[in-house]
2 protein chains.
Amino acid sequence: MDRLIEAIEATQNPSVVGLDPTEALVPPQVVASFEEEVRDSVESEEELPAAQLAVAYFEFNRAIIDAIADLVPAVKPQSAMYEALGPAGVDVYAMTCEYARQQGMYVLADVKRGDIGSTAAAYAHMLTGAPAPAGGAAYDPWHVDAVTVNPYLGTDGITPFVDAASEADKDLFVLVRTSNPSSSELQMLDLADGAKVYEHVADLVEGWGEGTVGRHGYSRVGAVVGATHPEEGAALRERMPRTFFLVPGYGAQGGTAADVRRMFDRDGSGAIVNSSRGIIGAWKRTGRYSERMSGEEALGLVADAARDAAIAMRDDLRAVM
Amino acid sequence: MDRLIEAIEATQNPSVVGLDPTEALVPPQVVASFEEEVRDSVESEEELPAAQLAVAYFEFNRAIIDAIADLVPAVKPQSAMYEALGPAGVDVYAMTCEYARQQGMYVLADVKRGDIGSTAAAYAHMLTGAPAPAGGAAYDPWHVDAVTVNPYLGTDGITPFVDAASEADKDLFVLVRTSNPSSSELQMLDLADGAKVYEHVADLVEGWGEGTVGRHGYSRVGAVVGATHPEEGAALRERMPRTFFLVPGYGAQGGTAADVRRMFDRDGSGAIVNSSRGIIGAWKRTGRYSERMSGEEALGLVADAARDAAIAMRDDLRAVM
């Protein structure tokens, strides 16, 4: 987790921007402006809208990355938004990760993968690059620094990711206490030994990280802990002293800076807070958007509003640290 | 689940073939035979091995699909194997699904996705097709009939898939009791109310399916129950009367026909059993492979061995029904 922690220190900003585009978040003139360019590349007319949206997602992401790369240490592209468009969207997912890294950002791939041994090992190639043939050069098609992983299958679904992270100097974040309302149905169940299910998972995660603790005191195995559960987050901070937290749920989902304050350690490290719509959809709340804008003008507004929102979030977090 | 059940009845074969290629499972001369064709399509030399392997995976899958489509009702391509190769692999994943469907097979996408509300809705586009623009035509880039889903995030991670399945006449399968050894670490925990975690999940799954029960008595929300847990599987069959089972773990992982027998209902319906390596890697056990074979000859052996293994599996299952 050292690279992420150092990127946070360099920017003095423990926040990550979720690059989760949807059709509603991209100004329509941006999508329209790619119609001709995309038409030549698709095999059939029915593919056109998805392919066009995919290209628009990339340009949207690029405008935001350019606007925030000097002040935000990390981005978290959510795979679902891209997969919804089919393989053309997945291409753009990898392109977005590559571009963000080229701008010096830490890329946290929010893919929430989870499977058993040999299959988990296949997913873990997102961290180590494609399987290299005998004597062949390494090739990394995904360009990510960390992935999110689901714990439901237990240790042999996690170990391949830990091994891959160690090999490639990368990280993983395991779901522990998610930010959504119904997360309690499973995660908050009372166990016979007095703990909750998520506490048991927390102990597993802390154990999975053993042996990978870096120079800043945190292991390569992080935890996802929602900002919407401040008391549990504070307790988990004590329970998992070597585990870095990825904290979703700030902003649009209702979590505040005060809610996340105790998910940081005494040195103000130990967590990074995500905001997605709060940053990438900030242009909608400016009152400055007009349908008469060109695609380029609209992207300029997206970028300016994202930068302003990212600064406001940084300052909001700094104020409580 | 009606379409799957009817496909099983038509073939009198409750089995599904896992299309989970790895470099070790594809004869090397098949991979080599695509070098020239692929070289023209990649942008850099370092991309070549992964791109070549991706094309080889497709031809490997096509040979197997052609060999089994008349006697096996369904295939289950495991997304991890393709994602390991990057976006080029994901292209081939969708191509494989499309080809299997064109041959009349039910395609079960083993993706084990799981996320919260709006993000789960984005993943659920794998069932309904890409988001269509106002007035635009529907476009389905994935070509799948069902997906596997992880329950760790609770109801609001599942409902979008149920809605999408209902809209598109498709299905989902939720992980309940997975086949891997360490699955017990979380799934077998004792709850304070006396149940195990996986039993609680089973009850949730049965509930999620309510209102989607089809003409054969099963809902659109199936469950993944490993063949390696025969006693628990039998108990789950009683506990989840409206839930169709996808049963991994037969064959290479150690599950036998006797182990899975009680996961079927009294009419011999209610479950489909997966085998991956046992079918797609059967060519390795024939003693008929030679390095001197051409790519085409090697694919012929893969196909013949897969067909023989699929027939043997069908007959093995029929014998205990």
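All values reported here derive from a predicted model rather than from experimental measurement.
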For A:Thr155, does its backbone N or O pair with a side-chain atom of B:Glu185 as donor and acceptor, under 3.5 Å? yes
Flag side-chain contact, heavy atom, 4.5 Å: B:Thr119 against A:Ser79: no
Where do A:Gln187 and B:Tyr152 come nearest, in terms of heavy atoms and distance? NE2-O, 2.8 Å
Okay, side chain of B:Trp142, backbone of A:Pro87: is any donor-acceptor separation there less than 3.5 Å? no
Pairs touching residues 87-98 of chain A that satisfy side-chain hydrogen bond (donor to acceptor under 3.5 Å, both in side chains), sequence neighbours left out: A:Asn61-A:Thr96
Set of residues satisfying side-chain contact (heavy atoms from CB on, under 4.5 Å) with respect to B:Ser33, sequence neighbours excluded: none
Among residues 198-205 of chain A, those lying within the under-4.5 Å heavy-atom range of chain B are A:Tyr198, A:His200, A:Val201, A:Leu204
For chain A, which candidate among B:Gly117, B:Pro181, B:Ala94 shows the most heavy-atom pairs at distances under 4.5 Å? B:Pro181
Picking from B:Ala84, B:Ala120, B:Pro141, which has the most non-hydrogen pairs under 4.5 angstrom with chain A? B:Ala84
Can you tell me which residue pairs pass the salt bridge (Lys or Arg N to Asp or Glu O under 4.0 Å) test with a partner in residues 172-181 of chain B, sequence neighbours excluded? B:Arg177-B:Glu232
Max heavy-atom pairs within cutoff under 4.5 Å with chain B, candidates A:Met126, A:Glu83, A:His125, goes to A:Glu83
For a side chain to side chain contact (heavy atoms under 4.5 Å, CB included) check, start with the C-alpha distance between B:Leu191 and A:Val197, then their side-chain angles and the critical distance, and finish with the verdict. CA-CA 9 Å; B:Leu191 294 171; A:Val197 165; 4.2 Å; yes
If every non-hydrogen atom of B:Leu85 is compared with every non-hydrogen atom of A:Ala130, which pair is closest and at what distance? CA-CB, 4.3 Å
Check whether any side-chain heavy atom of A:Asp115 sits under 4.5 Å from a side-chain heavy atom of B:Thr178, and report yes or no. no
Considering all heavy atoms of both residues, which atom of A:Lys112 and which atom of B:Gly114 are nearest to each other, and what is their separation? CD-O, 3.3 Å
Tell me, out of A:Ala80, A:Ser118, A:Gly154, who's got the most heavy-atom pairs with chain B below 4.5 Å. A:Ala80
For chain B, which candidate among A:Ala50, A:Ala121, A:Pro151 shows the most heavy-atom pairs at distances under 4.5 Å? A:Pro151
Looking at B:Glu210, I want to see if its CD is surrounded by more than 12 non-hydrogen atoms of other residues, nucleotides or ligands under 6.0 Å. no
I'd like to know which of A:Val31, A:Ile116, A:Leu186, A:Leu153 tops the heavy-atom pair count under 4.5 Å against chain B. A:Leu153
How long is the gap from CG on A:Asp193 to CG on B:Asp190, to the nearest 0.5 Å? 9.0 Å
To check you understand the geometry: which heavy-atom pair defines the closest contact between A:Arg113 and B:Tyr123, and what is its length? NH1-OH, 3.5 Å
What part of A:Pro248 gets closer than 4.5 Å to chain B, counting heavy atoms only: side chain, backbone, both or neither? neither
With the side chain counted from C-beta on, respond yes when A:Ile158 and B:Ser182 share a heavy-atom pair under 4.5 Å apart, and no when they do not. no
By a 4.5 Å heavy-atom criterion (distance strictly below it), what part of B:Val92 contacts chain A: side chain, backbone, both, or neither? neither
Please classify the contact between A:Gln78 and chain B as side chain, backbone, both or neither, with a heavy-atom cut-off of under 4.5 Å. side chain
If you take all heavy atoms of A:Ala138 and B:Glu46, which pair is closest and at what distance? O-OE1, 3.9 Å
